[in-house]
Asks: 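One structure is given below, represented as structure tokens, and several questions about it will come after.
Letters A, B, ... are given to chains in the order of the sequence lines, protein chains preceding strands, and every chain is numbered from 1.
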Protein chains: 2
Amino acid sequence: MRYRRTDVVERALEVLDRYGLADLTMRRLGAELDVQPSALYHHFANKQTLLAAVADEILARGQRPLPDPADWEQRVVAVCVGLREAMLAYRDGAEVVATVHAFGLGADGPTADLGSTLRAAGLGDSLARTAARTLLHYVFGHVSEEQTHLQAGSAGAIADEPREESDFLTGLALVLDGIRLRRESLAH
Amino acid sequence: MRYRRTDVVERALEVLDRYGLADLTMRRLGAELDVQPSALYHHFANKQTLLAAVADEILARGQRPLPDPADWEQRVVAVCVGLREAMLAYRDGAEVVATVHAFGLGADGPTADLGSTLRAAGLGDSLARTAARTLLHYVFGHVSEEQTHLQAGSAGAIADEPREESDFLTGLALVLDGIRLRRESLAH
DNA sequence: ACCTGAACACCGTTCAAGT
DNA sequence: ACCTGAACACCGTTCAAGT
């Protein structure tokens, strides 16, 4: 069989979701595609690049149209909630996206969304950037932890998801309150 | 030579700081101590446990006495700034501490400090926990990113540290503002 | 363009046996 | 108590060669 870049990413997503990030190896993925591991290097320069493509695909698949920009706070919440749900949709999704982001590769859609929303809210370039990064760090950190514990509790994990979501929203509201306060003191 | 647990941690810290987390392998550490890799398993059940001990040691060495608890906000800032400095003191320190924390092993001193400070500020158990976790996620996320870029710029990295610190404090102030607002609305 | 086959230089971990 | 030596079951990546 002969594959294209997107076929490899598709299969990588399946391996990730079924066996987890630790088992998403070049050799394992090659075996899954009935191909030598070295064949993957025709499609990706290295594993990091493959992982970046996987992260981008996780976010792309979780994409949902943003609501009307009536309220900048609602918009920020929508972006963060959407980001959380996209990452939760795949096993170890948060770790993959966070790692790739930390490495500086791809997956800059959310950063751009948050940044432009905050600038549109009148936050000033430097503060908007800092606020966007603060929000992202919170989201990545919270969801990574959440997902780790979710998987530790394995099977009956659907039960306590509401508690985790309200926890997520509480922390998010904390950061958002801080941003609003700064915004008001700027506009006053 | 015969070593004790603390000797191994000490040497692991040196290897970490000189060669980075990627090169802190059981085999490499064994070689550094002139010992078979298998000998390390007499001191630690596995690599995770060793890494947890390393993380704890990084935090312990960065420990500085907290200022008088006159102001709960100043106390929170002191804990977070201290945490940042402790992690920055070792190459890849933030990644080590964050990883160990995500895994649920050791390094719960900061969580406890923040939690008790926030409860003492009158925040209520559940909100105090959420706020402490939010702060920690921010600190880990920011410092990890900061340290990655610091090391990417390698040599002349001392130059732009002030900018990074003020950036860190700005984001921290954002979260802190959110916490203060919630606290005031509770006490009102 | 996409893949094979073989190799290089590594990993973490286990376990019987030694002192 | 602490370590050796050997093994098991893996890694990511490179590269000449094939179709």
Asks: Measure from the side-chain N and O atoms of B/Glu32 to the backbone N and O of B/Ala12, and report whether any donor-acceptor pair falls under 3.5 Å.
Replies: no
Asks: Donor-acceptor pair, A/Glu73 side chain versus A/Leu176 backbone, under 3.5 Å?
Replies: no
Asks: Return the value, rounded to whole Å, for the distance between atom CZ of A/Arg4 and atom C1' of C/dC2.
Replies: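 The answer, rounded to whole Å, is 13 Å.
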Asks: Verify, without hydrogens or angle tests, whether B/Arg75 (side chain) and B/Thr117 (backbone) share a donor-acceptor contact under 3.5 angstrom.
Replies: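 Flag not set: sc B/Arg75 to bb B/Thr117 has no pair under 3.5 Å.
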Asks: Could you list all the salt bridge (charged side-chain N to carboxylate O under 4.0 Å, His left out) pairs where at least one residue sits in residues 97-110 of chain B, not counting sequence neighbours?
Replies: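 As it turns out, there is no salt bridge (charged side-chain N to carboxylate O under 4.0 Å, His left out) pair with a partner in residues 97-110 of chain B once direct neighbours are skipped.
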Asks: Considering only the C1' atoms, how many Å lie between C/dA9 and D/dC10, rounded to the nearest integer?
Replies: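 Their C1' atoms lie roughly 14 Å apart.
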Asks: Please report, rounded to the nearest Å, how far the P atom of C/dT4 is from the CE atom of A/Met1.
Replies: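 Going from CE in A/Met1 over to P in C/dT4 covers 13 Å.
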Asks: B/Ser144 side chain to B/Gly141 main-chain N or O, any donor-acceptor pair under 3.5 Å?
Replies: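 Between the backbone of B/Gly141 and the side chain of B/Ser144 there is no qualifying donor-acceptor contact (under 3.5 Å).
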Asks: What nucleotide among C/dT4, D/dC3, D/dT13 has an atom nearest to a side-chain atom of B/Val35?
Replies: D/dC3
Asks: Ignoring hydrogens and geometry beyond distance, is a side-chain donor-acceptor pair present between A/Tyr3 and A/Arg11 at under 3.5 Å?
Replies: no
Asks: Stepwise, does the side chain to side chain contact (heavy atoms under 4.5 Å, CB included) test hold for B/Val97 with B/Tyr90?
Replies: CA-CA 11 Å; B/Val97 173; B/Tyr90 287 88; over 6 Å; no
Asks: How close or far is atom P of D/dG12 from atom NE2 of A/His42, stated in whole angstroms?
Replies: 20 Å
Asks: Does D/dC3 have OP1 or OP2 under 4.0 Å away from a side-chain N or O of B/His43?
Replies: yes
Asks: Give a yes or no on whether A/Leu181 and A/Val77 share a hydrophobic cluster (residues Ile, Leu, Val, Met, Phe, Trp, Tyr; joining criterion: side-chain heavy atoms under 4.5 Å apart).
Replies: no
Asks: Tell me: CG of B/Leu33 to C1' of D/dT4, nearest whole Å?
Replies: 15 Å
Asks: At under 4.0 Å between heavy atoms, which parts of nucleotides 14-19 of chain D does protein reach? Answer with one letter per nucleotide, 5' to 3': B base, S sugar-phosphate only, - none.
Replies: BB---B
Asks: Can you run through DNA chain C from 5' to 3' and write each base as (, ), [, ], | or . depending on how it pairs? Watson-Crick or G-U wobble, both distances under 3.5 Å.
Replies: ||.|||||...|||||.||
Asks: Rounded to the Å, how far apart are B/Asp34 CG and D/dC3 P?
Replies: 11 Å
Asks: Hey, is the main chain of B/Arg4 close enough, under 3.5 Å, to the side chain of B/Asp7 for a donor-acceptor pair?
Replies: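 Flag set: sc B/Asp7 to bb B/Arg4 pair under 3.5 Å.
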Asks: For the pair made of CD in A/Gln48 and P in D/dT13, what is the distance, rounded to whole Å?
Replies: 8 Å
Asks: Please list residues of residues 18-31 of chain A whose heavy atoms come under 4.0 Å from any atom in DNA chain D, ordered by number; otherwise none.
Replies: A/Thr25, A/Met26, A/Arg27
Asks: Of all the choices, C/dG5, D/dG12, D/dC3, which nucleotide is nearest to the side chain of A/Lys47 once you look at every atom?
Replies: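 Of C/dG5, D/dG12, D/dC3, D/dG12 is nearest to the side chain of A/Lys47.
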Asks: Taking only residues at least two apart or on different chains, which pairs with a member in residues 128-143 of chain A satisfy salt bridge (charged side-chain N to carboxylate O under 4.0 Å, His left out)?
Replies: A/Asp125-A/Arg129, A/Arg133-B/Glu145, A/Arg133-B/Asp167
Asks: Is there a side chain to side chain contact (heavy atoms under 4.5 Å, CB included) between B/Ile58 and B/Leu16 once you walk through the steps?
Replies: CA-CA 11 Å; B/Ile58 289 175; B/Leu16 177 70; 4.0 Å; yes
Asks: Considering only atom C1', compute the distance from C/dC11 to D/dC8 and round it to an integer number of Å.
Replies: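 Comparing C1' positions in C/dC11 and D/dC8 gives a spacing of 12 Å.
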Asks: List in chain and number order the residues that pass ring-ring contact (aromatic ring centres under 6.0 Å, His included) with A/His142, two or more places apart in sequence or in another chain; answer none if no residue qualifies.
Replies: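 Checked A/His142 against ring-ring contact (aromatic ring centres under 6.0 Å, His included); matches are A/Tyr138, A/Phe168.
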Asks: Is any side-chain nitrogen or oxygen of B/Gln36 closer than 4.0 Å to OP1 or OP2 of D/dC3?
Replies: no
